[in-house]
A.B. asks: 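The structure's right below; bear with me while I get my questions together.
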Amino acid sequence: MSAKTKWSLTTQAFEKLLNAFSLDREEGAAKYEVIRQKLIRYFEWRSIAQADEYADETINRVARRIDEGQQIENLSGYFYGVARMVSKEALKERDRAVAIDDAPHTARQEISEHVEPDPRVICLDRCLESLPPDNGRLIIDYYQEERRAKIELRQELADSLHIPLNALRIRAHRIRVSLEKCITNCLQQASSAK
Amino acid sequence: MSRQGNQTEIARYLLGSLSEEERARLEEKYFSDDTAFEEMQIAEEELIDQYVRAELSNEDRARFAAMVARSPRLAERVEFARVWKDKLSGPVRSAAAIEDASKPLATVHPFLSKSKVSTRYLALAASVIVLIGVGLGVWRLFIYEPPVERGLVALQTAYHEHRPVEARLSGFDYAPLPNERGNDVKVDSLKKDLAASILINQALQRPDAQSRHAVGQYYLYDQQFSKAIEELTTALGLDPNNARIHSDLGAALLEEGKRQRTGADQGKEFETFGRSLSHLTKAIEIDPSLLEARFNLAVLYQNMLPSQEAEAWREYLKLDNTSPWAVEAKRNLARIEQHADQHLWDSSASLARYVDVGASACGTKHMRHLASYIPAAPTATRSSDSNVLCE
């Protein structure tokens, strides 16, 4: 990735970055993790491949500025500004790469359908089992139906739990995120056991 | 903005269809507000679910598929959603049963608390299965549109205002040529990209004659003639007696010949036109009623042997006298009749060029084939052996 600077993140610079998030170390680390997730999603949603690497590049640039003594008042806004610059560089780089290799990208656009059992299925079963029963039932019920029936079912579910529909969405989302994390760990364990 | 409106805006952002200004506003918001970011993630999950459940429109699906192709992380989330969907639509109840194991079964699904499932339930289940089967049959027969057809519909829609080539593709509706007043080809590029996505993907996943034929048609309309020729030749190898593929390959060769005539490949067009002629005549031999092949033959003659063009349009009009294609054929015929003298000159000049170039192309079967199609050539321009031009 040519957009990367030669500067690399030192322990000292990373400490300063966490301090810039919060003087409480744990809170700083949590905020760091949130901003990293936002950056990754930002690059993905901008259709930029290697989103992780560009997210880290953005973090490195911000960390460098802090390490150099720059005072930043609105840290999230600053991250966003740097991310925009990095994304422009990434898109230029991509255009250059496309010009060199103009193979039809459309050929790779759709993900092939799965026809064989997948280790994810095994992991999903395991992870579902590991969820607290209430959460397991909630996420299964939440995603049970399709289209119109789904909307009605979710409203019924929210009513039965005495919470607004949006709170139900957030709750289901958080369970889903934990389920996805569990599956990712399970898959990593499975591949390292091979 | 209402929550519904906000969700719509987020979905449009995720599909890349917001303006730059709108995007930046949304991005600033989610960078500074964790709740807004969580809302974005939820919207993305919902989009992923719609994608794997095939609930997105074709355009949105293509846009989203392009994003998935660029992001392994997103692809992984899509895979999770797919597995999750399969789990819910397949042995979902067993998943529920796993997590409900700690509870008495009757509290979860009361009808399962009986030790035996009654025959009434079995009959009901059988009826449901039959109904689903019938429903699937109806869906397959009347609603389901196979991918190749969806791709070709997208392609035709993309070029519904103008057709980009003079030749006529098999199975395509009429669209006028753009150049009558010097206009550019009007094309809906989103629909065109959608067609490419569907057709190329299908040709990769299921490389049969139909899918390769369709990709060849796409390349032909995209004016990538050498790729079109390659795909259509492959399709023909898989289905050698398909008149439509012969006709489209003839069309691709015709367009490639026209391109060669004006570019650095000048001189090569004679052989290419000859090959086009072979395929068009073969198409007509297999299916004499194939209008597309007859139309293309007339266009080929217009470029190759103007003396034969008028007759070819008349032959076409015997089979089709009313369609928009026929209107174009009549217009071409009227043009020829108005310039009959000019054509006579063209014919001689054109044939003379064939004889000149014949020296280099002689010996190829296409030139021999071509020569056999010149019954009315003026004797002054023919070789000493009047039967075969190249020999």
Side-chain angles (χ1 to χ4, degrees), chain A residues 34-35 37-52 74 76-77 79-80 83-84 94 104-114 118 120-121 123-125 128-129 131-133 135-137 139-141 143-144 146-147 166 169-170 172-174 176-177 179-180 183-184, chain B residues 3 13-14 16 23-24 27-28 30-34 37-42 44-46 49 53 55 61-62 65-80 82-88 92 94-96 98-103 108 193 196-198 200-201 203-205:
Chain A
V34 170
I35 201 77
Q37 287 308 314
K38 284 182 183 178
L39 288 165
I40 291 171
R41 286 292 216 276
Y42 167 79
F43 287 110
E44 283 180 352
W45 291 336
R46 285 269 171 174
S47 285
I48 293 168
Q50 301 169 296
D52 296 62
N74 176 3
S76 59
F79 265 105
Y80 174 56
R84 277 180 70 105
R94 189 179 79 190
H105 293 270
T106 44
R108 300 191 292 268
Q109 280 184 358
E110 293 211 11
I111 297 274
S112 61
E113 301 290 326
H114 267 291
D118 187 313
R120 289 178 190 82
V121 177
C123 285
L124 175 61
D125 280 343
L128 270 174
E129 279 181 71
L131 284 177
N135 284 356
R137 200 162 30 255
I139 194 167
I140 285 174
D141 286 346
Y143 289 106
Q144 199 55 251
E146 294 183 22
R147 293 181 191 266
N166 202 40
R169 285 173 76 230
I170 293 168
H173 160 70
R174 288 178 183 168
R176 181 170 170 154
V177 168
L179 204 53
E180 284 184 14
I183 290 170
T184 305
Chain B
R3 197 168 67 80
Y13 168 80
L14 295 172
R23 286 171 115 183
E27 285 163 355
E28 273 173 37
Y30 76 71
F31 264 84
S32 62
D33 179 352
D34 291 351
F37 180 59
E38 194 166 49
E39 194 63 43
M40 300 284 297
Q41 288 177 295
I42 294 171
E44 188 202 55
E45 278 169 8
E46 286 170 358
D49 290 342
R53 288 174 190 270
E55 291 174 4
R61 186 173 172 78
M67 284 177 64
V68 174
R70 288 199 189 101
S71 169
R73 273 172 170 270
L74 182 56
E76 191 54 42
R77 292 200 289 281
V78 168
E79 286 308 304
F80 166 79
R82 208 187 293 279
V83 171
W84 184 231
K85 184 202 82 171
D86 291 346
K87 188 84 193 157
L88 291 173
V92 128
S94 65
I98 290 166
E99 53 94 10
D100 281 332
S102 59
K103 292 190 161 226
V108 185
D193 290 348
S197 170
I198 297 171
I200 295 172
N201 189 50
L204 287 171
Q205 288 193 359

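A, B, ... follow the sequence lines: proteins, then strands. Residue 1 opens every chain.
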A.B. asks: Among A/Ile48, A/Ile40, A/Val177, which has the most heavy-atom pairs under 4.5 Å with chain B?
C.D. replies: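 Most heavy-atom pairs under 4.5 Å with chain B: A/Ile40.
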A.B. asks: Does either side chain, that of A/Tyr80 or that of B/Glu27, offer a donor lying less than 3.5 Å from an acceptor on the other one?
C.D. replies: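 The criterion, which ignores hydrogens and geometry beyond distance, is satisfied for B/Glu27 and A/Tyr80.
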A.B. asks: Describe, in one word, how the ring planes of A/Tyr42 and B/Phe31 are oriented to each other, choosing from parallel (under 30°), tilted (30 to 60°) and perpendicular (over 60°).
C.D. replies: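 Taking B/Phe31 first and then A/Tyr42, their aromatic rings stand perpendicular (interplane angle over 60°).
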A.B. asks: Heavy-atom pairs under 4.5 Å with chain B: which of A/Glu180, A/Gln37, A/Arg41, A/Arg84 has the most?
C.D. replies: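 Highest number of pairs under 4.5 Å: A/Arg41.
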A.B. asks: If I take atom NZ from residue A/Lys38 and atom CG from residue B/Asp33, how far apart are they, to the nearest 0.5 angstrom?
C.D. replies: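 Answer for the NZ-CG pair, A/Lys38 versus B/Asp33, is 7.0 Å.
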A.B. asks: Please look at B/Gln41 and chain A and tell me whether the side chain, the backbone, both or neither of the residue comes under 4.5 angstrom of a heavy atom of that chain.
C.D. replies: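 For B/Gln41, the contact with chain A is made by backbone and side chain together.
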A.B. asks: Contact between A/Ile183 and B/Glu79 at the side-chain level, heavy atoms closer than 4.5 Å - yes or no?
C.D. replies: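 With C-beta onward as the side chain, the pair stays apart.
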A.B. asks: Under a 4.5 Å heavy-atom cutoff, which of A/Thr184, A/Asn74, A/Val34, A/Asp52 has the most pairs with chain B?
C.D. replies: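 It is A/Asp52.
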A.B. asks: Check the angle between the aromatic planes of A/Tyr143 and B/Trp84 and answer parallel, tilted or perpendicular using the 30° and 60° thresholds.
C.D. replies: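 Judged by the thresholds at 30° and 60°, the geometry between A/Tyr143 and B/Trp84 is perpendicular.
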A.B. asks: State plainly whether the residues A/Arg120 and B/Asp86 are in salt-bridge range, i.e. N to O under 4.0 Å.
C.D. replies: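 No salt bridge links A/Arg120 with B/Asp86.
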A.B. asks: Looking only at non-hydrogen atoms, find the nearest pair between B/Arg23 and A/Trp45 and report the distance.
C.D. replies: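 Heavy-atom minimum between the residues: NH2-O, 4.1 Å.
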A.B. asks: What part of B/Ala24 is in contact with chain A, defined as an atom under 4.5 angstrom from a non-hydrogen atom: side chain, backbone, both or neither?
C.D. replies: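 For B/Ala24, heavy atoms of backbone and side chain both lie under 4.5 Å from chain A.
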A.B. asks: Give the member of B/Met67, B/Glu46, B/Arg77, B/Glu28 that has the highest number of heavy-atom pairs under 4.5 Å with chain A.
C.D. replies: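 Looking at each of B/Met67, B/Glu46, B/Arg77, B/Glu28 in turn, B/Arg77 comes out on top.
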A.B. asks: State, yes or no, whether a side-chain contact exists between A/Glu44 and B/Arg73 at a heavy-atom distance under 4.5 Å.
C.D. replies: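 Yes, close enough: below the 4.5 Å cut-off.
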A.B. asks: Tell me, do A/Arg174 and B/Glu38 make a side-chain contact under 4.5 Å, heavy atoms counted?
C.D. replies: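 Yes, their side chains come closer than 4.5 Å.
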A.B. asks: If I measure from the heavy atoms of chain B, does A/Ile35 come under 4.5 Å with its side chain, its backbone, both, or neither?
C.D. replies: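 Side chain only.
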A.B. asks: Below 4.5 Å from any heavy atom of chain A, which atoms of B/Ser32 appear? Answer side chain, backbone, both or neither.
C.D. replies: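 B/Ser32 touches chain A through backbone and side-chain heavy atoms alike.
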A.B. asks: Is any side-chain heavy atom of B/Phe80 closer than 4.5 Å to one of A/Leu179?
C.D. replies: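 They are in contact (side-chain heavy atoms under 4.5 Å apart), so the answer is yes.
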A.B. asks: Nearest 0.5 Å, please: how far is CG in A/Asn166 from CD in B/Glu39?
C.D. replies: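 Those atoms lie 5.0 Å apart.
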